[in-house]
Undergrad: 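First, the structure itself, so that you have it in front of you.
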Amino acid sequence: MVFFDNYEIRILEYIRISPGLSTVSNRCFEDMTETGSKHIQFLAAATSSLSVFAAGAMMTWTSPVLPKLMNGDGPLGSPISSDQSSWIASLVSLASIPGSFIAGYLGDRWGRKRTLLFCTVPFSIGWILLATANHVDQLYAARFILGLAKSIPFMIYPMYCGEIAETSIRGTLGSFIEPSNAIGGLYAYAIGPFVSYTIFCIVCGILPVIFFVCFMMMPESPYYLLSNGRRDEAVASLAKLRGKSKAVAQGEADEIQVILDENYKNQISISVLFKVKANFKALIYTCTLVTFQQFTGINIILLYNQSIFEAAGGSISSKQAPIIIAIVRLLASAMTPVIIDWSGRRTLLIFSGIGETISLCTLGLYFYLKDVQHADDIVEQISWLPLVALIIFVAMYCIGWGPVTWAMIGEMFASNVKAKASAISISLLWSLSFITVKFSSNIDEAFGKYTIFWTFGVFCFLSILFTVFFLPETKGKTLQQIQDELSGMTEITDVKKGIKR
């Protein structure tokens with residue numbers, strides 16, 4: 001028995017009353033027997049995620065480099081201050097705030113694919129400036145440009161995957177973002193401490209070029225092509241992505257076109273985000289998601305990883321510990337694409353929030369005993385605790401709040417507002433990232449590291465409550481079903497029997 005939601009009924013009615021589409025109705029049902037393949041969808045997601053890999057290496061570049069610069073072991077010839085260090089780390093997030101809106105505009109104007117490819121340009125400029133820097137101001141400029149570059153993959157990748165993927169694997173492809181980011185972090189942690197400053201910049205700078213070469217042959221988003229009147233290209237893109245004939249792709253293109261026509265006919269300005277119930281609710285949910293994601297403290301841990309272990313004074317080398325953390329991050333991130341469409345988004349977020357809360361509170365307790373109570377005997381006995389706590393934290397984050405947030409950003413908005421809405425959500429994300437990274441050193445100096453970790457632990461606990469009581473589940477739902485649910489349309493009709501459920 002086949003069930004259709006209200007929107008799918010409108011599609012069938014549209015086909016039935018249109019004489020020119022009289023053959024489409026039959027074709028839609030006949031072509032359901034064609035199996036197709038998902039291989040190209042996975043390949044497109046994997047190659048586009050190389051841009052996130054490049055961004056991940058760039059963001060964690062600070063972990064092995066900042067301790068060197070603060071010790072005077074760099075190209076500047078003299079040590080940098082703690083305040084200069086925080087600016088170098090946080091300027092990437094600051095630049096990503098306007099960068100998200102620029103990326104969203106380019107994504108709508110140039111297309112998802114061309115915009116992703118374009119990020120290679122600012123990435124290359126930024127790495128050249130970093131590699132040749134001899135003054136701290138040049139480092140600032142380079143990190144700002146790299147922040148603009150980074151905003152493109154984090155903005156466009158979820159949109160691209162959400163629009164090329166079939167419903168059954170949309171969550172899987174959207175969650176590739178965290179494993180790719182984790183590989184970039186491992187790349188930086190494993191190379192940075194053991195090579196010169198210049199060599200490190202070069203090996204990081206080649207990553208965007210590799211992405212460009214691998215991704216340039218992938219198809220454009222069919223949603224973007226149809227929204228710009230390029231139907232033949234959209235059908236070809238769908239045929240390639242689904243591994244099916246163009247005749248079958250025509251049917252899916254018809255359905256997407258109906259959805260786009262419905263969405264775009266009411267599009268006037270950004271105010272649509274606040275006037276349409278589904279858009280506004282999706283914006284509230286995604287903004288809350290990114291707020292809790294950033295207040296897990298993940299960027300503090302990743303960008304200052306080596307410095308945290310130096311301050312903890314544990315039994316593991318401060319150069320080796322970040323590599324261990326990065327490996328755990330990668331392994332945990334690799335699990336999410338496998339289980340997200342099986343377990344559901346909410347389950348992963350709740351499980352992730354519980355683990356984050358416990359590990360951050362434990363880490364805060366360690367620093368409280370060390371820095372406030374000066375319980376040296378106890379601290380010596382539990383010198384292994386910082387590494388274990390951070391391993392648990394990173395693993396839990398990478399299973400839930402890291403990838404699931406990005407996946408839900410890519411699937412909660414209608415196509416006509418996706419770029420604008422995603423830009424708002426992601427610019428908020430980078431605003432909060434800038435605040436946490438820039439001012440964490442001030443909080444550390446004023447109140448101690450334990451205050452930072454306990455504060456983040458409280459936010460992780462609140463994230464559990466938000467997920468349990470407010471966040472809707474999107475597992476197994478089409479993009480239109482998600483929109484209907486956000487609008488309050490919960491009825492599903494059995495076309496054969498005319499029964500509303």
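All values below come from the heavy atoms of this structure, side chains included, with hydrogens, waters and symmetry mates left out.
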Undergrad: Using every non-hydrogen atom in the two residues, find where Leu486 and Ala282 come nearest and quote the distance to one decimal.
TA: CD1-CB, 3.8 Å
Undergrad: Given 3.5 Å as the limit, does a donor-acceptor pair link the side chain of Gln250 with the main chain of Val235, or not?
TA: no
Undergrad: Any pair with a residue in residues 148-167 that passes ring pair (Phe, Tyr, Trp, His ring centres under 6.0 Å), sequence neighbours left out, goes on the list, sorted by first then second residue, please.
TA: Phe154-Trp406, Phe154-Trp430, Tyr160-Phe215
Undergrad: Hey, are Arg346 and Thr467 close enough side-chain-wise for a donor-acceptor pair under 3.5 Å?
TA: no
Undergrad: So that I know where these two stand, are Tyr187 and Phe53 an aromatic pair - ring centroids less than 6.0 Å apart?
TA: yes
Undergrad: Within a 6.0 Å radius of atom CZ on Phe101, are there more than 12 heavy atoms belonging to other residues, nucleotides or ligands?
TA: yes
Undergrad: Working to the nearest 0.5 angstrom, can you tell me the gap between Leu116 CG and Lys113 NZ?
TA: 10.5 Å
Undergrad: For Asn279, check side chain to side chain donor-acceptor pair (under 3.5 Å) against everything at least two apart and list the hits.
TA: none
Undergrad: Closest approach of Gly147 and Ser96, non-hydrogen atoms and distance?
TA: O-OG, 3.0 Å
Undergrad: Rounded at 0.5 Å granularity, tell me how far NZ in Lys438 sits from CD1 in Ile435.
TA: 12.0 Å
Undergrad: Can a side-chain donor-acceptor contact be found between Ser49 and Ser180 if the only test is distance below 3.5 angstrom?
TA: yes
Undergrad: I need the minimum non-hydrogen distance between Met155 and Ser422, along with the two atoms involved.
TA: CE-CB, 3.4 Å
Undergrad: Find out whether Arg242 and Val248 are in side-chain contact, i.e. whether some heavy atom of one side chain is under 4.5 Å from a heavy atom of the other.
TA: no
Undergrad: Quick one: do Glu411 and Arg345 make a salt bridge, cutoff under 4.0 Å?
TA: yes
Undergrad: Short question: side chain of Thr357, backbone of Phe461 - any donor-acceptor pair under 3.5 Å?
TA: yes
Undergrad: Can you classify the ring geometry of Phe295 versus Phe456 as parallel (below 30°), tilted (30 to 60°) or perpendicular (above 60°)?
TA: tilted
Undergrad: Please check if the side chain of Asn181 supplies one atom and the backbone of Ile177 the other of a donor-acceptor pair under 3.5 Å.
TA: no
Undergrad: Indicate yes or no for a side-chain donor-acceptor contact from Ser63 to the backbone of Thr60 under 3.5 Å, with no hydrogens or angles considered.
TA: no
Undergrad: Does any part of the side chain of Leu390, heavy atoms only, come nearer than 4.5 Å to the side chain of Ile301, both counted from C-beta?
TA: yes
Undergrad: Hydrogens and angles aside, do Ser487 and Lys277 bring a side-chain donor and acceptor to less than 3.5 Å of each other?
TA: no
Undergrad: Backbone N or O of Gln257 within a donor-acceptor pair of the Tyr223 side chain at under 3.5 Å?
TA: no
Undergrad: Give a yes or no answer on whether the side chain of Ser48 reaches the backbone of Ala45 with a donor-acceptor pair at less than 3.5 Å.
TA: yes
Undergrad: Kindly give the heavy-atom pair with the smallest separation between Leu226 and Ala234, and that separation in Å.
TA: CG-CB, 3.5 Å
Undergrad: Does a side-chain heavy-atom distance below 4.5 Å link Leu146 with Leu130?
TA: yes
Undergrad: Between Ser237 and Glu220, is there a side-chain donor-acceptor contact under 3.5 Å, judged purely by atom types and distance?
TA: no
Undergrad: Got Phe292 and Thr405 here, is their nearest side-chain heavy-atom distance under 4.5 Å?
TA: no
Undergrad: Output the distance between atom CD1 (Ile482) and atom NZ (Lys477), rounded to the nearest 0.5 Å.
TA: 7.0 Å
Undergrad: Can you give me the closest heavy-atom contact between Ala165 and Gln41, atom names plus distance?
TA: CA-OE1, 3.4 Å
Undergrad: With the threshold set at 4.0 Å, does a side-chain nitrogen-carboxylate oxygen contact exist between Arg231 and Asp254?
TA: yes
Undergrad: Measure from the side-chain N and O atoms of Gln293 to the backbone N and O of Trp401, and report whether any donor-acceptor pair falls under 3.5 Å.
TA: yes
Undergrad: Got more than 12 heavy atoms from elsewhere within 6.0 Å of CZ, Phe42?
TA: yes
Undergrad: Of all the heavy-atom pairs spanning Gln483 and Phe413, show the shortest one and how long it is.
TA: NE2-C, 3.4 Å
Undergrad: Quick one: are Glu252 and Lys244 in side-chain contact, heavy atoms under 4.5 Å?
TA: no
Undergrad: Can you check whether Gly243's main-chain N or O pairs, donor with acceptor, with Ser37's side chain at less than 3.5 Å?
TA: no
Undergrad: Check this for me: Phe280, atom CZ, are more than 12 non-hydrogen atoms of other residues, nucleotides or ligands nearer than 6.0 Å?
TA: no
Undergrad: Would you check if there is a donor-acceptor pair between the side chains of Asn299 and Ser433 at a distance under 3.5 Å?
TA: yes
Undergrad: Is there side-chain contact between Ile284 and Lys281, with at least one heavy-atom pair below 4.5 Å?
TA: no
Undergrad: Whether the side chain of Ser221 engages the backbone of Glu163 through a donor-acceptor N/O pair (distance < 3.5 Å, no angle test) should be reported.
TA: no
Undergrad: Could you work out, with side chain to side chain donor-acceptor pair (under 3.5 Å) as the rule, every residue matching Thr286, not counting sequence neighbours?
TA: Ser425
Undergrad: Just by distance, do the side chain of Ser463 and the backbone of Cys460 share a donor-acceptor pair under 3.5 Å?
TA: yes
Undergrad: Heavy-atom distance under 4.5 Å between the side chains of Thr115 and Asp108, does that happen here?
TA: no
